[in-house]
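In this chain, residues are counted from 1 in sequence order. Below, all heavy atoms of this structure are taken into account, side chains as well, without hydrogens, waters or symmetry copies.
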Amino acid sequence: MKLNNSTLAEIPIDKPGYNRDEIGIGIAHFGVGGFHRAHQAMYVDRLLEMGLAKEWGICGIGVLPSDRKMADVMAAQDGLYTLLLENPDGSREPRVIGSIVDYRYAPDDPEAVIELLAAPSTRIISLTITEGGYNIDNLGGGVTVFGLVADALALRRDRGIASPTIVSCDNIEGNGDVAAQAFTTYAERAHPGLGEWMSTHTRFPNSMVDRITPVTTPDVIAVLDNDFGVEDQWPVAAEPFTSWVLEDDFSDGQPPFEEAGVLLVEDVTPYELMKLRLLNASHQCLCYFAYLAGYRLVHDAAGDPLFAEFLREYMDSEGTPTLKPVPGIDLPDYKRALIERFANPGVKDTIVRLCFGSSDRIPKWLLPVIRANLAAGGPVRLSAATVASWARYAEGVNEQGEKFDVQDQLADTLVPLARSQHENPTAFIENTEVFGDLASQPRFVEAYRWALDSLHRDGARATLETLLRKETP
């Protein structure tokens, strides 16, 4: 049965019990991909099901050419889609999510999107635009998130309308602060004086978001059709675990997020560091070694005792010492659960997804751990080895001599550097755009060079085994 408004009543799985026609738009979200639909939109759906957020429905907004497909699917399915939770025991929990009540593809009618963003009823603008999406100096021409928001906020200022809250849900340390810098700087360039107005009126709460959400595969679509009788063109599968910690700092009100399980706090920093430096950095510790060792699915690699031990050792000896106290969190339990989450066979997350866009990810998730430990005299062996595993992966040739594509926005720069490191072992880390001054830090360079040499000479598994025997410099 095709999923849309006309068939919703007959859809044979858990679905909205609320009347979507009664839902107003209070949130405009840029970047409606798998993660947003598995996370923020799910939390709003929970509130709507509880009858608590009728004015807080979501309008998704696409800006990139790749968003055209989502626009078409959203139009065909009236914004409905299925969230399929994949449990470790192999069972599945499907739910139709109804909180996205509108979707606009901005290049088709940017003025209409600007008016939507400028409307008094739109009180939150949220974003999942990737870790690299906040560089306003590399935007190019055409319709952009920053241009649309700046034009809309200029209208709100001129019309005497309160500013919306801008909520980044991207995996960046201090994501609200990063968003504030990018949006106010761009706004000031586009509309002189607007940046100053935003500094006074616009709130940018920091947030920590967490749910492992792999790219939707044809298998997910087939499972929904064959096992549950639902034809969904673009469902999303995710792990059961979910977490959202949000700074309680809004410009013009907010939904009762806490009723849906969101933790509203005064300071997100401890939770954010925990997630970025344990979960996200551990994904980086895992993926390059795993790919080089022949793994292609995350759960297979995380289920390998050697890789699981490496992750535990990284988290305990290098990641955890750089954290602040995390109120209400049992860190040993959190770390144990992370390994179990990575090893969930139902999620079928891919190693390639974790390896994608490394030049955005490693500087934000792992290099801060290295710098903190260098400053404190702490160990950096495993983190340095992870950077070396990326450098070895970036050569684009596996241990069997087979070539593969390195998917990274800096691939044209980094791949040639990686391929030159047989002659110059520090060529890769001498790229200051990515690594800053790390190539001049002797303790890091010694550990990095040992690991890179071992990867070339002995391969990924043997390198991990030696690291865990603590036989390295």
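- Between the Arg419 side chain and the Val415 main chain, no donor and acceptor come within less than 3.5 Å of each other.
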Evaluate the ring-ring contact (aromatic ring centres under 6.0 Å, His included) criterion for residues Phe183 and Phe146: first the C-alpha distance (whole Å), next the side-chain angles of each, then the deciding distance (0.1 Å), finally the verdict.
-> CA-CA 6 Å; Phe183 278 96; Phe146 297 96; 4.5 Å; yes
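- Counting only N and O atoms by type, the side chains of Ser126 and His29 include a donor and acceptor under 3.5 Å apart.
- In this structure the side chain of Cys169 never reaches within 4.5 angstrom of the side chain of Leu127, judged on heavy atoms.
- Comment: Glu247 does not engage Arg203 in a salt bridge, judged by the lack of any side-chain N to carboxylate O separation of less than 4.0 angstrom.
- Of all the heavy atoms in Pro205 and Thr165, the pair that sits closest is CD-CG2, 3.3 Å.
- Of the N and O atoms on the side chains of Asp349 and His283, not one donor lies less than 3.5 Å from an acceptor on the other residue.
- Under a 4.0 Å N-O distance rule, the pair Arg211/Glu239 does not qualify as a salt bridge.
- With salt bridges taken as basic N to acidic carboxylate O contacts below 4.0 Å, none links Asp45 and Arg37.
- At a threshold of 4.0 Å, the pair Asp67-Lys69 does not count as salt-bridged, since none of the basic side-chain nitrogens sits closer than that to a carboxylate oxygen.
- The shortest heavy-atom contact between Gly34 and Val236 is O-CG2, 3.5 Å.
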Determine, stepwise, if the pair Asp219 / Thr217 fulfils side-chain hydrogen bond (donor to acceptor under 3.5 Å, both in side chains).
-> CA-CA 5 Å; Asp219 287 348; Thr217 63; 4.6 Å; no
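- For Thr350 (side chain) and Arg353 (main-chain N/O), a donor-acceptor pair under 3.5 Å exists by modelled atom type.
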Going through the distances and angles, do Phe228 and Leu84 end up as a side-chain contact (heavy atoms from CB on, under 4.5 Å)?
-> CA-CA 11 Å; Phe228 298 102; Leu84 185 68; 4.2 Å; yes
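- With contacts defined as side-chain heavy-atom distances shorter than 4.5 Å, the pair Leu263/Trp244 does not qualify.
- Using a 4.5 Å heavy-atom threshold, the side chains of Val178 and Glu173 count as separate.
- Counting heavy atoms of neighbouring residues, nucleotides and ligands inside a 6.0 Å radius, atom CD of Glu266 does not exceed 12 of them.
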Derivation and outcome, side-chain hydrogen bond (donor to acceptor under 3.5 Å, both in side chains), residues Tyr134 and Asp170 = CA-CA 10 Å; Tyr134 295 84; Asp170 284 299; 2.6 Å; yes
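- A donor-acceptor contact shorter than 3.5 Å links the side chain of Gln77 to the backbone of Gln233.
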Please report, to 0.1 Å, the donor-acceptor pairs under 3.5 Å made by any side chain of residues 330-339, with sequence neighbours excluded.
residue: Asp330; atom: OD1; partner: Asp333; partner atom: N; Å: 3.1
residue: Lys335; atom: NZ; partner: Asp316; partner atom: OD1; Å: 2.8
residue: Lys335; atom: NZ; partner: Thr320; partner atom: OG1; Å: 2.9

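- Under the 3.5 Å distance criterion, the side-chain polar atoms of Trp365 are matched with a main-chain donor or acceptor of Asn171.
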Begin with the C-alpha distance, continue with both residues' side-chain angles, and end with the deciding distance and a verdict on side-chain hydrogen bond (donor to acceptor under 3.5 Å, both in side chains) for Ser359 and Asp408.
-> CA-CA 7 Å; Ser359 64; Asp408 192 289; 2.5 Å; yes
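- Under the 3.5 Å distance criterion, the side-chain polar atoms of Glu318 are matched with a main-chain donor or acceptor of Leu382.
- With no hydrogens or angles considered, no side-chain donor-acceptor pair links Arg449 and Thr426 at under 3.5 Å.
- By the 4.5 Å heavy-atom criterion applied to side chains, Val113 and Val143 are not counted as neighbours.
- In summary, the aromatic rings of Phe342 and Phe307 are positioned with their centroids too far apart to meet the 6.0 Å limit.
- Counting non-hydrogen atoms of other residues, nucleotides and ligands closer than 6.0 Å to CG of Asn226 gives a total above 12.
- Look at Arg461 and Glu399 and you find no salt bridge, because none of the NZ, NE, NH1 or NH2 atoms lies under 4.0 Å from a carboxylate O.
- Tyr81 has its side chain out of reach of Val96: every pair of non-hydrogen atoms, C-beta onward, lies at least 4.5 Å apart.
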Under the side-chain contact (heavy atoms from CB on, under 4.5 Å) rule, what do Thr130 and Phe356 come out as? Steps first, then yes or no, please.
-> CA-CA 11 Å; Thr130 77; Phe356 179 87; over 6 Å; no
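- Side-chain atoms of Tyr393 and Ser358 form no donor-acceptor pair, as typed in the model, at a separation below 3.5 Å.
- In this structure, the side chains of Tyr186 and Asp137 stay at 4.5 Å or more apart for every pair of heavy atoms.
- For the pair Met70 and Trp234, the minimum side-chain heavy-atom distance is below 4.5 Å.
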Given the rule in the ring-ring contact (aromatic ring centres under 6.0 Å, His included) test, do Phe444 and Trp450 qualify, once you have shown the distances and angles that lead to the verdict?
-> CA-CA 10 Å; Phe444 169 77; Trp450 175 88; over 10 Å; no
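- Between Phe428 and Phe435, the gap from one ring centroid to the other is short of 6.0 Å.
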Between Lys275 and Asn280, does a side-chain hydrogen bond (donor to acceptor under 3.5 Å, both in side chains) hold up when you go through it step by step?
-> CA-CA 7 Å; Lys275 194 260 180 169; Asn280 293 105; 3.1 Å; yes
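- Distance alone, capped at 3.5 Å, places no donor-acceptor pair between the Arg381 side chain and the Tyr448 backbone.
- Ring geometry, His39 versus Tyr43: the interplanar angle exceeds 60°, so the pair is classed perpendicular (tilted spans 30 to 60°).
- Looking at Asp360 and Gln409, their side chains do bring a donor and an acceptor atom within 3.5 Å of each other.
- Using a 4.0 Å cut-off between charged side-chain N and carboxylate O, Lys324 and Asp267 make no salt bridge.
- With hydrogens and angles ignored, the 3.5 Å screen pairs no side-chain donor or acceptor of Tyr103 with any backbone N or O of Val32.
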Only distances under 3.5 Å count here; give the side-chain donor-acceptor pairs of residues 289-303 to other protein atoms, sequence neighbours excluded, each with its distance to 0.1 Å.
residue: Tyr295; atom: OH; partner: Asp304; partner atom: OD2; Å: 2.7
residue: Arg296; atom: NH1; partner: Tyr291; partner atom: O; Å: 3.0

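- The backbone N or O of Gly90 sits nowhere less than 3.5 Å from a side-chain atom of Asn87 that would complete a donor-acceptor pair.
- Remark: the His456 side chain and the Glu395 side chain contain an N/O donor-acceptor pair separated by less than 3.5 Å.
- Side-chain contact check for Ser389 versus Leu455: some heavy-atom pair is nearer than 4.5 Å.
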